[in-house]
Amino acid sequence: MLDIKFIRANVDIVKQAVKNKNLKIDVNELLKVDENRKKLQGEIDSLRTQKNELAEAGKKNRPTDEQIKRGKAIKEKIIEIETEFKLVDEKYKELMWQTPQIPCSDAPLGQDETDNVEVKKWGKIKKFAFPIKDHLELGKNLDILDVEKGAKVGGYRGYYLKNEGVLLHLGLMMFAMEKMVKNGFKPFIPPTIIREFAMYGSGHFPFGKDDIYQIINSGKLADGSNVAENKYLVGTSEPSILAYHADEILNETELPKKYCGFSQCYRSEIGSYGKDTRGIYRIHEFMKIEQVIFCKNDYKESEKLHQEITAISEEILKDMEIPYRILDICTGDMGAGKYRMFDLESWMPSRNSYGETHSSSNLGDWQARRLNIKYQQKDGQKLFVHTLNNTAIASPRILIAILENNQQADGSIVVPKVLRKYLPGKIKIIRKK
RNA sequence: GGUGGGGUGGCCGAGUGGUUGAAGGCGCAGCUCUCGAAAAGCUGUAUAUCCGAAAGGAUAUCUAGAGUUCAAAUCUCUAUCCCACCGCCA
């Protein structure tokens, strides 16, 4: 969300951002609605002034019949204008929720993912002297991954992790968590069933509604319909962590606040039916450790922190010796709320390409405005914080890279050194039983 | 699922229709006192929107929404959250 005053004063900049981000919101309409809303609000205010004056007079003496009559007339007029105001206000809010963050001028301009710019590559891509297997085949043979049973029980895109697959998966979480704590991030396990406001706050609503599961109680009402609660399953712990400070005024001295959230994540993946159907690349639930930062309203600082959280994720990939690249995401692909965004993609041999495993974003104060998160400066001024987030680790998707990059001719897997301590006996190689 | 009790400013807490944007306390800021500090005293201390160059003014906000009334923190209804006890349960 943007400041309406900023929008009024910088119409062209906002329009340009809408265009660059490939959005449809009509800024002229917003301004018209805003103007109308202001006008109606003014009318209501002056009527209420009259009402209050009348009530003030009634404090001293019992109101006369004449005054009561006037009061009634004013009341009716207020109701009439308020009815109109509500309609206008609804439209206003709807449009305001959709106003995009102004993207950083350094971000590449572009329409979609084909315009993203590769800015870094790390690691040596292994050349295998034998025909490689993909993670599905490797996982099945080693009895650590089973998507057939996953589909049988969990449905399309269900999966079971088993044996060392589980230990590897949990080890990854623990490895990333330890790294985060070492870097001064406070660990959180947040709620994964959350209320609507938090979804709006992060910007997952109204934009990404399709991908979010809503809770429906299995019990039926008398008319046979289901009870849909206004609660949702998170797709990441980001909204839960952000909303932790909703409606709060933080102290400047406590910033930046660095948190990491560990949670199961749920994604409906509606709209991507035909995409990435093989394996565990695109699935309905996974575990993730997410980095979240609240910092001062200062792009110099938030951009520095953006580099920092990106570097932490790079370090995690380097520690595991997974080749990766970094994409500078273009304006059209970054999402409405973002100021700057980098994706980290890990090398996945079976895809013969990189696949997204991390996503690092600076949102400026766009989310903080939605969630009303401020901080007070020494001089007393209150400003909205900047917020940032990035994946620390998300599994099992990352297992694709780990299994496939470390496979041996016999189908066994060499465990990355940093993960060995999470396996019993600190085994170096996962072999077929 | 059942029953009962609650939700007031940064915090605690008073307040059952009109003198309450809200007593009192705490906290915080400034000043006085002091070599300095503590203590004490004094003063100040919400947010949002609109109008205004500013000073300032208007409106709204006592969980939220709806209603009663000339007038609502206060009465009614609904929702919601918290707490307690019972039932069920990992």
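Every chain is numbered from 1, with letters handed out A, B, ... down the list of sequences. Below, all heavy atoms of this structure are taken into account, side chains as well, without hydrogens, waters or symmetry copies.
Straight-line distance between the P atoms of U8(B) and U63(B): roughly 6 Å, to the nearest whole Å. A distance of about 40 Å separates the P atoms of C35(B) and C12(B), rounded to the whole Å. Nucleotides U45(B) and G10(B), compared at atom P, are 14 Å apart to the nearest Å. Between A46(B) and C11(B), the two C1' atoms lie 13 Å apart (nearest whole Å). Comparing the same atom, C1', in G87(B) and in C77(B) gives a spacing of 29 Å after rounding to whole Å. Separating the P atom of G7(B) from that of G15(B) is a span of 11 Å, rounded to the nearest Å. Nucleotides A73(B) and G21(B) place their C1' atoms 11 Å apart, quoted to the nearest Å. Nucleotides G6(B) and A23(B), compared at atom P, are 23 Å apart to the nearest Å.
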Can you name the atoms? Protein N/O to nucleotides 55-62 of chain B N/O, anything below 3.5 Å, with the distance.
| from | atom 1 | to | atom 2 | distance (Å) |
| --- | --- | --- | --- | --- |
| A58(B) | O3' | Thr49(A) | OG1 | 3.2 |
| A58(B) | O2' | Thr49(A) | OG1 | 3.2 |
| U59(B) | OP1 | Asn52(A) | ND2 | 3.2 |
| U59(B) | O2' | Asp45(A) | OD1 | 2.8 |
| A60(B) | OP2 | Asn52(A) | ND2 | 3.3 |

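Under the 3.5 Å distance criterion, with hydrogens and angles disregarded, a donor-acceptor pair is assigned to the side chains of Gln367(A) and Thr387(A). A donor atom on one side chain and an acceptor atom on the other are not found under 3.5 Å apart for Asp12(A) and Gln16(A). Side-chain contact of Asn141(A) with Lys133(A): a donor-acceptor pair under 3.5 Å is absent, judged by distance alone. Inspection of the Thr310(A) and Ser360(A) side chains reveals an N or O donor paired with an N or O acceptor under 3.5 Å.
Look at Lys382(A) and you'll find a side-chain N or O under 4.0 angstrom from OP1 or OP2 of U47(B). For the OP1/OP2 pair of U49(B) and a distance below 4.0 Å, the side-chain nitrogens and oxygens of Lys38(A) include no atom meeting the criterion. Note on Arg8(A): a side-chain N or O is less than 4.0 Å away from OP1 or OP2 of C50(B). The side chain of Lys374(A) contributes an N or O atom lying less than 4.0 Å from OP1 or OP2 of A48(B). For the OP1/OP2 pair of A66(B) and a distance below 4.0 Å, the side-chain nitrogens and oxygens of Lys86(A) include at least one atom meeting the criterion.
One atom, CZ of Arg369(A), and another, P of U47(B), lie 16 Å apart when rounded to the nearest Å. In this structure, Met96(A) atom CE and U49(B) atom P are separated by 10 Å, rounded to whole Å. What separates CD of Glu82(A) from P of A66(B) is a distance of 8 Å, to the nearest Å. For Ile79(A) and A71(B), the CD1 to P distance is 9 Å, given to the nearest whole Å. Atom-to-atom, CZ of Phe384(A) to P of U47(B) comes out at 12 Å; the value is rounded to the nearest Å. Between the P atom of U49(B) and the NZ atom of Lys93(A) lies a distance of 14 Å, rounded to the nearest Å. To the nearest angstrom, P of A64(B) lies 15 Å from CZ of Phe197(A). In this entry the distance linking CG of Asp89(A) with P of A48(B) reads 18 Å, nearest Å.
Partner of Leu403(A) under the side-chain contact (heavy atoms from CB on, under 4.5 Å) criterion, chosen from Ile280(A), Ile398(A), Ile144(A), Ile430(A): Ile144(A). Put simply, the residue from Tyr339(A), Tyr299(A), Trp366(A) that forms a ring-ring contact (aromatic ring centres under 6.0 Å, His included) with His386(A) is Tyr299(A).
Pair assignment for G27(B) gives U45(B), based on Watson-Crick or G-U wobble hydrogen-bonding distances that are each under 3.5 Å. For A71(B), there is no paired base (Watson-Crick or G-U wobble, both distances below 3.5 Å). Using Watson-Crick or G-U wobble geometry with both donor-acceptor distances under 3.5 Å, A14(B) finds no partner in any strand shown. The partner of A79(B) is U63(B), by the rule that a Watson-Crick or G-U pair needs both atom distances under 3.5 Å. Base pairing annotation: A22(B) forms no Watson-Crick or G-U wobble pair, as no partner gives both donor-acceptor distances under 3.5 Å. Across all strands shown, U34(B) forms no Watson-Crick or G-U wobble pair with both key distances under 3.5 Å. For A84(B), the paired base is U3(B) (Watson-Crick or G-U wobble, both distances below 3.5 Å). Shown here, C89(B) forms no base pair; nothing in the strands shown gives a Watson-Crick or G-U wobble contact with both key distances under 3.5 Å.
Proximity of a side-chain donor or acceptor of Arg397(A) to a complementary backbone N or O of Glu356(A) within less than 3.5 Å is detected.
Residue Ile249(A) is the one, among Ile249(A) and Asp34(A), whose nearest nucleotide of RNA chain B lies closer to the 5' end (criterion: closest heavy atom). Along RNA chain B, the nucleotide closest to Gly42(A) and the one closest to Ala55(A) are compared, and the more 5′ of them pairs with Ala55(A).
Using the six-membered ring where Trp is involved, Phe205(A) and Tyr232(A) have ring planes that are perpendicular, over 60° apart on the 30 and 60° scheme. Between Phe188(A) and Tyr259(A), the angle of the ring planes lies from 30° to 60°, which puts this pair in the tilted group.
Considering only side-chain atoms of Arg195(A), the nucleotide from C50(B), C70(B), C81(B) that sits closest is C81(B).
The pair Lys140(A)-Asp146(A) does not count as a salt bridge, with every side-chain nitrogen at least 4.0 angstrom from each carboxylate oxygen.
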